[in-house]
J.: 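This structure is in structure tokens; I'll ask about it shortly.
Computed from heavy atoms alone, side chains included, the values below leave out hydrogens, waters and symmetry copies. Lettering of chains follows the sequences in order, A, B, ..., and the numbering in each one begins at 1. As the structure is a computational prediction, the values presented were derived from the model and not from experiment.
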Amino acid sequence: DGGITQSPKYLFRKEGQNVTLSCEQNLNHDAMYWYRQDPGQGLRLIYYSQIVNDFQKGDIAEGYSVSREKKESFPLTVTSAQKNPTAFYLCASGQGMTEAFFGQGTRLTVV
Amino acid sequence: AQKITQTQPGMFVQEKEAVTLDCTYDTSDPSYGLFWYKQPSSGEMIFLIYQGSYDQQNATEGRYSLNFQKARKSANLVISASQLGDSAMYFCAMREGYGGATNKLIFGTGTLLAVQP
């Protein structure tokens, strides 16, 4: 089935560690996005990419990094520079103007 | 700058009644798309409906319809015959442009809908 797969579903990170969240899509979409959602709040854009080997910062990019080496994959690294990383992370992909679909999300907790 | 505004933090509706969730947007780009998503307590974002800025007719998908008023820059979601399973958070989103630096997908703050039996 076509769709967007995020893994893992739950992730625990120790203070000072970098962790990488996976996002893979087989929808042949050009654009991919990463969002952060805090409890009871909306989605804030971290990074987005419109094409392979190119990406732009969103509204809250500090402490995060991404890569887009393949069209299907857009991994997000939460670095130790992100002071408050505990949140729900959602990946999306889109094509043209009419399509934008989400993965199931990854819930990251700092322990 | 592009912006999405959802002014209703929470809404109640009786089962089987219709409900309208408000969304206004701001953009200077003539080409844009508007989306509505449903987020149940499980966290997944479920695509509901899409409206393009050049579409002449309001979009409909089953019990969902989008009341698109371009001059007012509003894109309200109408859910007819509400069901208990409609209880969730609802987000309005916009994507503008056909590429380039502004081709972001941005979201409003959401409306929490509670359907009462």
Side-chain angles (χ1 to χ4, degrees), chain A residues 2-6 8-11 21 23 25 27 29-52 54-61 68 74 87-109, chain B residues 1-10 21 23 25 27 29-55 59 61 66 75 88-112:
Chain A
I4 304 171
T5 302
Q6 288 187 243
K9 189 172 181 179
Y10 298 96
L11 186 59
L21 283 59
C23 179
Q25 55 103 355
L27 300 168
H29 286 171
D30 288 318
M32 296 188 74
Y33 308 84
W34 273 107
Y35 293 89
R36 170 182 172 138
Q37 187 178 31
D38 293 285
Q41 298 189 29
L43 278 69
R44 292 186 289 169
L45 182 63
I46 305 172
Y47 268 98
Y48 64 109
S49 167
Q50 299 172 64
I51 196 169
V52 174
D54 186 52
F55 47 83
Q56 288 81 40
K57 292 182 179 180
D59 300 320
I60 54 165
R68 187 85 187 276
F74 191 41
F88 187 51
Y89 291 87
L90 285 156
C91 176
S93 72
Q95 184 69 23
M97 295 297 294
T98 63
E99 292 186 336
F101 297 104
F102 282 80
Q104 301 277 345
T106 293
R107 202 167 295 277
L108 174 63
T109 305
Chain B
Q2 55 181 158
K3 186 178 180 182
I4 294 282
T5 302
Q6 293 180 254
T7 57
Q8 305 155 313
L21 306 183
C23 173
Y25 59 92
T27 178
D29 196 318
S31 299
Y32 53 90
L34 296 157
F35 302 80
W36 276 93
Y37 291 89
K38 172 184 179 181
Q39 187 179 42
S41 57
S42 59
E44 60 184 315
M45 293 285 283
I46 302 168
F47 168 75
L48 296 178
I49 197 166
Y50 168 83
Q51 179 83 42
S53 60
Y54 294 119
D55 293 344
E61 290 286 348
L66 200 152
M89 195 76 165
Y90 288 81
F91 290 97
C92 179
M94 178 174 68
R95 187 177 184 192
E96 66 178 16
Y98 281 102
T102 59
N103 196 18
K104 295 191 285 188
L105 181 65
I106 64 163
F107 284 79
T109 52
T111 296
L112 183 61

J.: Is it the backbone or the side chain of A/Phe101 that comes under 4.5 Å from a heavy atom of chain B, or both, or neither?
T.: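 Its backbone and side chain both get close to chain B.
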
J.: Looking only at the aromatic ring of each residue, does the gap between the centers of B/Tyr50 and B/Phe35 stay below 6.0 angstrom?
T.: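 Yes, the ring of B/Phe35 comes within the 6.0 Å limit of the ring of B/Tyr50, centre to centre.
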
J.: Checking heavy atoms, do the side chain of A/Gln37, its backbone, both or neither come under 4.5 Å from chain B?
T.: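 Answer is side chain: those atoms of A/Gln37 sit under 4.5 Å from chain B.
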
J.: In Å, rounded to the nearest 0.5 Å, how long is the span from CD of B/Gln6 to CE of B/Met89?
T.: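 Rounded to the nearest 0.5 Å, the CD-CE separation comes out at 7.5 Å.
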
J.: Taking the side chain as everything from C-beta on, heavy atoms only, tell me whether A/Asp59 gets closer than 4.5 Å to A/Arg44.
T.: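 A/Asp59 does not reach A/Arg44 side chain to side chain.
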
J.: B/Phe107 and A/Tyr35: aromatic ring centres closer than 6.0 Å?
T.: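 That pair passes the under 6.0 Å test.
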
J.: By a 4.5 Å heavy-atom criterion (distance strictly below it), what part of A/Leu45 contacts chain B: side chain, backbone, both, or neither?
T.: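 Contact with chain B involves the side chain of A/Leu45 alone.
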
J.: Need one label for B/Gln51: side chain, backbone, both or neither, based on atoms under 4.5 Å from any heavy atom in chain A.
T.: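 For B/Gln51, there is no contact with chain A at all, as no heavy atom is under 4.5 Å.
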
